[in-house]
Amino acid sequence: MRIATWNVNSIRARLERVLAFLERSSTDVLAIQETKCKAEQFPAEAFAEAGYKACASGLNQWNGVAIVSRVGLEKPAESFPNCPTFKDQLEPRALFATCNGIRVGSLYVPHGRALDDPHYTYKLAWLRALKEYASTLTAAGEQVALMGDWNVAPRDSDVWDMAVFENSTHVSAPEREAFAAFEGEAHLVEVSRERVEGYTYWDYRRLRFPKNEGMRIDWMFATPALDKTVSHVEIDRDERKGKGASDHVPLIVDFDL
DNA sequence: ATGTCGCTCAAAGAGCGA
């Protein structure tokens with residue numbers, strides 16, 4: 001079974017690219033982030049025509065997550081217990097569904113903006129609450145795969161130049177500790193890090209892609225038993241090329257189930 | 001040159017977020 005995660009930066013602007021990706025890559029389950037639309041605006045019919053069930057969470061033009069699957073999609077659930085709000089709003093950043101027996105989570109972790117910004121505090125609290133929820137899922141013995149745009153670069157090699165990120169978000173010690181807690185306290189394994197190299201995101205600005213000044217911030221965590229079945233991992237770097245690309249590319253993982 | 005993109009409001013381009 002092939003599971004992929006992709007921050008598409010607007011599903012309506014990217015629909016043809018996403019459908020082409022599904023067909024080209026033969027992906028069974030795709031976790032989508034930054035749909036940038038209300039749930040009712042999500043183009044579920046187009047995915048149905050391609051053979052995929054879909055669920056979506058979205059409130060307005062910001063954030064938004066979805067899951068599409070051609071191997072079943074059951075018990076869709078938005079957000080998670082004790083999820084922090086920002087400016088009193090529960091943002092659509094987490095969506096779960098069971099696909100072929102795996103509890104899949106599509107996650108768009110808050111960006112953080114700057115180390116002294118309230119959004120950074122929100123990001124850390126959001127990651128802590130998600131980690132608590134992940135712990136309850138793994139403790140219940142479920143097969144779990146949590147994936148998406150984590151907005152964290154856990155290693156220095158996950159950004160092109162650490163000097164540029166001095167006093168920036170994504171690389172700070174608290175963010176890296178929050179990321180590591182998914183492996184430590186929640187007993188999950190990040191499945192891609194040891195199996196493939198490369199960035200997953202290049203800013204649209206300042207010619208970041210042509211200069212390969214990217215970041216690796218899209219990740220997939222899974223329960224250890226699932227991790228043991230991983231047979232192949234790839235980053236679809238070519239998806240960043242050409243007109244109409246998202247600023248992120250898909251992370252693709254094959255499970256030998 | 002913050003070398004861009006996508007969205008909204010209210011109907012052109014400013015403002016926002018990343």
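Letters go in sequence order (proteins before strands), and every chain restarts at 1. Because the structure is predicted, anything quoted here is derived from the model rather than measured.
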*Assess the pair A:W160 and A:F165: is the distance between their ring centroids shorter than 6.0 Å?*
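Judged by ring-centre distance (under 6.0 Å), A:W160 and A:F165 do meet the cut-off.
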[M] and [N], which share atom name [atom1], separated by this distance in whole Å:
| N | M | atom1 | value |
| --- | --- | --- | --- |
| B:dA11 | B:dG6 | P | 24 Å |
| B:dG17 | B:dT2 | C1' | 13 Å |
| B:dG15 | B:dA10 | C1' | 14 Å |
| B:dT8 | B:dG3 | P | 26 Å |

Considering only residues two or more places apart or on different chains, which pairs with a residue in [range] satisfy salt bridge (Lys or Arg N to Asp or Glu O under 4.0 Å)?
| range | answer |
| --- | --- |
| residues 10-22 of chain A | A:R17-A:E239 |
| residues 54-70 of chain A | A:D28-A:R70 |
| residues 124-140 of chain A | A:K131-A:E185 |
| residues 205-214 of chain A | A:D203-A:R205, A:R208-A:E213 |

*Would you say B:dT2 has OP1 or OP2 under 4.0 Å from some side-chain N or O of A:R206?*
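For A:R206, the contact criterion (side-chain N or O under 4.0 Å from OP1 or OP2 of B:dT2) is not met.
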_For a quick check, with a 4.0 angstrom heavy-atom cut-off, what is the B/S/- contact string for nucleotides 7-18 of chain B, read 5' to 3'?_
SS-------BBB
*Does A:E142 have any side chain to side chain contact (heavy atoms under 4.5 Å, CB included) partners at least two apart in sequence or in another chain, and if so, which?*
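A:R103, A:L137, A:V144.
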*Rounded distance in Å - CZ (A:R14) to P (B:dT4)*: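 To the nearest whole Å, that distance equals 16 Å.
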